[in-house]
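Data block below; observations after.
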Amino acid sequence: MVKLRLPDGRELEAKIGESILEQIPPESGLVAKVDGRLVDLTWIVHEGVETIEVLDFNSPEGRETYWHTSSHILAQAVKRLFPEAKLGIGPAIEEGFFYDFDLGGRSFSPEDLERIEEEMRRIVRENLPVVREEMGREEAIKLFRSMGEVYKVELLEEMDEDVVSVYRQGEFVDLCRGPHLPYTGYVKALKVLHASSAYWRGDERNPVMQRVYGISFPTEEELKRYLKMREEARKRDHRIVGPQLDLFSMPSELIGPGLVIWHPKGARIRRVIEDFLVRVHLKWGYELVYSPHIAYTNLWRTSGHLNYYRDFMYVFEKEGIEHAVKPMNCPFHILVYKSKRRSYRELPMRLFELGTVYRYERSGVLHGLLRARGFTQDDAHIFTTPEKLEEEIFRVIELDEYLMRSFGFEEFKVEISTWDPRRPEEYMGSEEDWIRAQSALEEALRNKGYEYEVMEGEAAFYGPKIDVKLVDSIGREWQLSTIQLDFNLPKRFNVTYVDADGSEKTVIMIHRALLGSIERFFGILLEHYAGNFPLWLAPVQARVLPVAERHLDRAREVLDRLLSAGIRADLDDARGTLGYRIRESELEKVPILLVIGDREVESGKVAVRRKGKGNLGSMDLEEFLREFTEEFLPPDLRGGSSTF
RNA sequence: GCCCCGGUAGCUCAGCUCGGUUAGAGCGCCGCCUUGGUAAGGCGGAGGUCGCGGGUUCGAAUCCCGCCCGGGGCUCCA
């Protein structure tokens with residue numbers, strides 16, 4: 001007996017010799033998993049099968065199938081409207097799907113996209129059956145060559161399989177592994193999102209393809225919700241919100257692309273973040289250092305960076321000597337270490353710097369604060385003995401977790417990049433070094449109770465690393481912290497210590513940046529909170545708001561009290577209606593408003609309004625301060641003091 | 001770097017196809033009136049090198065070319 005499980009959990013007994021589609025309620029599933037293998041619903045059940053699981057849009061496989069068929073509908077629509085278009089590839093992606101077309105040099109206009117979308121709807125209405133067909137590879141090559149689909153022929157020629165599958169719907173046929181939906185009519189709500197360009201197989205030496213992106217859903221409501229969410233994400237774009245809240249700007253036409261100027265309010269937040277970082281690092285046994293922004297290019301020749309990093313550096317010449325603006329802080333920290341002979345007793349030595357660096361990133365990769373040309377790393381280099389490596393890694397991860405939680409991030413994903421053991425000759429350092437280092441990384445993560453993914457062969461030539469990604473309030477992942485071991489620089493700079501037995505040994509170096517770059521982290525934080533920073537980070541923590549001008553005197557007294565309590569507060573000037581001024585402060589995202597009117601002047605109280613919560617009622621000013629003091633403070637200064 | 005799209009007031013945008021009054025709107029800003037109780041009170045005013053440079057034309061925000069900057073992608077991210 002073959003069990004057939006429907007998406008709603010019900011189980012049927014499958015009949016041999018009939019397709020899955022015939023045996024389930026109409027449109028109750030999209031695709032099926034037969035003994036772990038994905039198949040079309042039109043697949044015929046045969047002997048020897050154990051379990052069949054029908055999947056709907058709630059499963060990743062269901063969505064992928066849905067979007068994959070949608071991409072075929074897109075391709076079919078394009079072929080109908082632009083018969084000369086040559087098909088590239090058209091996969092489902094994380095959200096939706098795309099298809100690449102070679103239009104022989106032209107591109108799609110917005111009107112074209114609308115027509116394509118209309119044609120897609122027509123194909124859906126036609127409710128064409130989607131039919132799988134298997135054929136020999138040679139036969140397929142002949143078929144696609146006869147259609148002029150040169151890219152499909154190219155793909156086929158590179159395949160190993162002797163038999164390939166194609167899918168037909170109406171007049172349209174495409175090379176495809178599948179699986180697919182049984183009918184085009186299964187796609188209920190669709191939207192062509194935008195067009196862009198991409199190179200055939202992602203290689204810029206290849207022809208340019210026009211890539212059309214789309215999304216589809218089983219109901220109009222879901223499509224609407226998705227489009228609204230997209231709009232939400234767009235609205236919390238730090239490049240829009242930042243200047244809107246007067247935090248920073250990037251007047252690239254005046255100062256060049258990828259450079260930031262911090263306005264007073266943004267600078268306040270940044271200063272709070274940086275002070276917090278410095279205090280915490282000092283508490284955790286780091287020493288604070290500073291290093292210059294420029295140096296002889298030779299310094300990076302020694303580090304070996306110059307060779308392949310030169311194009312990313314700002315290089316200039318003075319009195320016949322080549323200088324460069326620093327693209328990284330490591331060599332300077334090494335020089336601090338090397339300023340004298342070091343004993344094993346001094347290790348681990350942890351040097352921390354908010355180091356501003358400049359990198360000439362290619363113009364196409366710049367993206368607001370998230371990818372800038374000038375940025376400040378929360379950079380540290382730890383010099384340690386091999387014996388203390390694991391303990392150090394553990395401490396770094398612990399610090400990282402503390403920082404992330406302090407900023408309101410709860411969910412992390414950890415990856416560890418290791419070498420490729422089949423090609424040890426491509427890596428710096430001995431096999432023994434690598435194995436010990438990699439197990440130290442893994443051991444530290446296990447001790448911390450983290451789950452992690454091992455990315456074999458992803459390590460840099462000079463050492464393995466740990467990457468930490470965090471998940472923000474709307475589910476997006478951001479690569480943030482990196483903890484990178486380095487066997488290379490200590491050798492190049494001859495960074496050594498005298499061990500207990502009097503012998504000179506080479507240190508192991510850990511590069512680590514936990515927020516990564518202050519700019520980038522700030523951008524992520526801004527999008528995470530959509531501008532509504534928690535109280536300890538808000539640029540204006542509280543605003544005193546007199547109802548009328550006659551309340552200004554009392555309002556100033558209240559303001560003075562707040563300021564002397566160390567709260568970042570300001571005063572509204574009482575011009576305009578109260579409602580208008582409250583709206584202004586709400587839009588500025590000021591977390592706390594203290595309203596002062598006749599009643600408050602009379603009673604000596606303040607009326608507290610919390611953003612998002614509305615009017616909390618009146619309370620005594622001192623009572624207010626007692627109640628909120630903790631929340632006004634950075635996490636490490638709460639509860640009397642001490643990080644832990 | 002490459003491909004496509006875009007750049008008009010501080011901001012968001014209309015006007016550009018098809019060249020022709022004094023380039024508009026809303027928000028913001030400034031002034032006056034309004035003295036108010038928890039998300040928009042009223043009236044008036046100022047504000048523009050239409051990204052920059054060149055060309056076509058009697059005439060260019062509008063058409064053409066080059067450059068700069070931005071956006072979406074590709075690639076890159078030691």
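Letters A, B, ... are given to chains in the order of the sequence lines, protein chains preceding strands, and every chain is numbered from 1. Worth saying up front: this structure is predicted, and the values here are computed from it rather than measured. Scope of the values below: all heavy atoms of this structure, side chains included, with no hydrogens, waters or symmetry mates.
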For this session: Report which part of the nucleic acid A:E600 touches: base, sugar-phosphate, or nothing (heavy-atom distance under 4.0 Å, all strands).
Result: base
Problem set entry | Pair partner, B:U21 [Watson-Crick or wobble, under 3.5 Å] | none
Exercise. Which one, B:G36, B:G31, B:G37, comes nearest to the side chain of A:E549?
Worked result: B:G36
Exercise. Using purine N1 to pyrimidine N3 plus N6-O4 or O6-N4 for Watson-Crick, or N1-O2 and O6-N3 for G-U wobble, each under 3.5 Å, what pairs with B:C29?
Worked result: B:G45
For this session: Just compare B:A39, B:G41, B:C76 and give me whichever is closest to any side-chain atom of A:I582.
Result: B:A39
Seminar exercise, completed: The answer to which of A:G612 and A:A574 contacts RNA chain B further toward the 5' end, by nearest nucleotide, is A:A574
For this session: Would you kindly say whether A:D472 and A:W478 are connected by a side-chain donor-acceptor distance under 3.5 Å?
Result: yes
Exercise. In terms of ring plane angle, is the pair A:F632 and A:F628 parallel, tilted or perpendicular, where the classes change at 30° and 60°?
Worked result: tilted
Exercise. Which whole number of Å gives the distance between the C1' atom of B:U34 and that of B:G44?
Worked result: 14 Å
Exercise. Salt-bridged, A:E158 to A:R201, with N to O below 4.0 Å?
Worked result: yes
Exercise. When you compare B:U17 with B:C32, how far apart are their C1' atoms, in angstrom units rounded to a whole number?
Worked result: 45 Å
Exercise. What integer distance in Å separates A:E361:CD from B:C76:P?
Worked result: 13 Å
Problem set entry | Spacing of A:I255 atom CD1 relative to B:G51 atom C1', expressed in whole Å | 16 Å
For this session: Take atom P in B:G19 and the same atom in B:A25, then report the distance between them in whole Å.
Result: 25 Å
For this session: Would you mind telling me which residue lines up with the more 5' stretch of RNA chain B, A:E584 or A:Y309, judged by nearest nucleotide?
Result: A:E584
Exercise. Salt bridge between A:R543 and A:E584, side-chain N to carboxylate O under 4.0 Å?
Worked result: no
Problem set entry | Nucleotide forming a Watson-Crick or wobble pair with B:G6, both distances under 3.5 Å | B:C69
Exercise. Considering only side-chain heavy atoms of A:H305, which listed nucleotide, B:G37, B:A78, B:C76, is closest?
Worked result: B:A78
Problem set entry | Atom C1', compared across B:C68 and B:C33: separation rounded to whole Å | 47 Å
Problem set entry | B:C4 and B:C77, which share atom name C1', separated by this distance in whole Å | 23 Å
Exercise. How far does the C1' atom of B:A40 sit from the matching atom of B:C27, given to the nearest Å?
Worked result: 11 Å
For this session: Write down the distance separating the C1' atoms in B:C64 and B:U12, rounded off to the nearest Å.
Result: 30 Å
Exercise. Now, which nucleotide makes the Watson-Crick or G-U wobble pair with B:A61, with each of the two distances under 3.5 Å?
Worked result: none
For this session: Provide the distance between the two C1' atoms, one in B:G72 and one in B:C30, to the nearest whole Å.
Result: 39 Å
Exercise. What is the distance from CH2 of A:W200 to P of B:U75, rounded to the nearest Å?
Worked result: 13 Å
Exercise. Contact class for A:G614 (heavy atom, under 4.0 Å): base, sugar-phosphate, or nothing?
Worked result: nothing
Side-chain donor-acceptor distances from residues 488-495 of chain A under 3.5 Å, at least two apart:
{"unit_1": "A:R492", "atom_1": "NH1", "unit_2": "A:T302", "atom_2": "O", "d": "3.1"}

Exercise. Between A:S291 and A:H333, is any side-chain donor less than 3.5 angstrom from a side-chain acceptor?
Worked result: no
Exercise. Is the shortest distance from a Lys or Arg side-chain nitrogen in A:E557 or A:R554 to a carboxylate oxygen in the other one below 4.0 Å?
Worked result: yes
Exercise. Could a donor-acceptor pair under 3.5 angstrom be found where the side chain of A:R362 meets the base of B:U75?
Worked result: yes
For this session: In whole angstrom, give the distance that lies between atom CG of A:D572 and atom C1' of B:G36.
Result: 12 Å
For this session: Please tell me which of the listed nucleotides, B:U38, B:A78, B:C77, lies nearest to the side chain of A:R371?
Result: B:C77
Exercise. In whole angstrom, what separates A:I240's CD1 from B:G10's P?
Worked result: 18 Å
Problem set entry | Between B:G36 (C1') and A:L578 (CG): distance, integer Å | 7 Å
For this session: Using a strict cut-off of less than 4.0 Å between a Lys/Arg side-chain nitrogen and an Asp/Glu carboxylate oxygen, indicate whether A:E453 and A:K469 qualify as a salt bridge.
Result: no
Seminar exercise, completed: Letter by letter from the 5' end, nucleotides 67-73 of chain B scores (B base, S sugar-phosphate only, - none; protein heavy atoms under 4.0 Å) --SSSBB
Exercise. Any side-chain N or O of A:Y580 less than 4.0 Å from the OP1 or OP2 oxygen of B:G28?
Worked result: yes
Problem set entry | Side-chain ion pair, A:E353 and A:K326, N-O less than 4.0 Å | yes
For this session: Compute the ring centroids of A:W434 and A:Y427, then answer whether they are less than 6.0 Å apart.
Result: yes
For this session: Calculate the interatomic distance between A:D573 atom CG and B:G31 atom P; express it in whole Å.
Result: 11 Å
Exercise. Rounded to the Å, how far apart are A:Q244 CD and B:C27 P?
Worked result: 16 Å
Exercise. Hey, does A:P327 reach any base, or is it just sugar-phosphate, or nothing, if we go heavy atoms under 4.0 Å?
Worked result: base
Exercise. What is the nucleic acid contact for A:G579, judged by heavy atoms within less than 4.0 Å: base, sugar-phosphate only, or nothing?
Worked result: sugar-phosphate
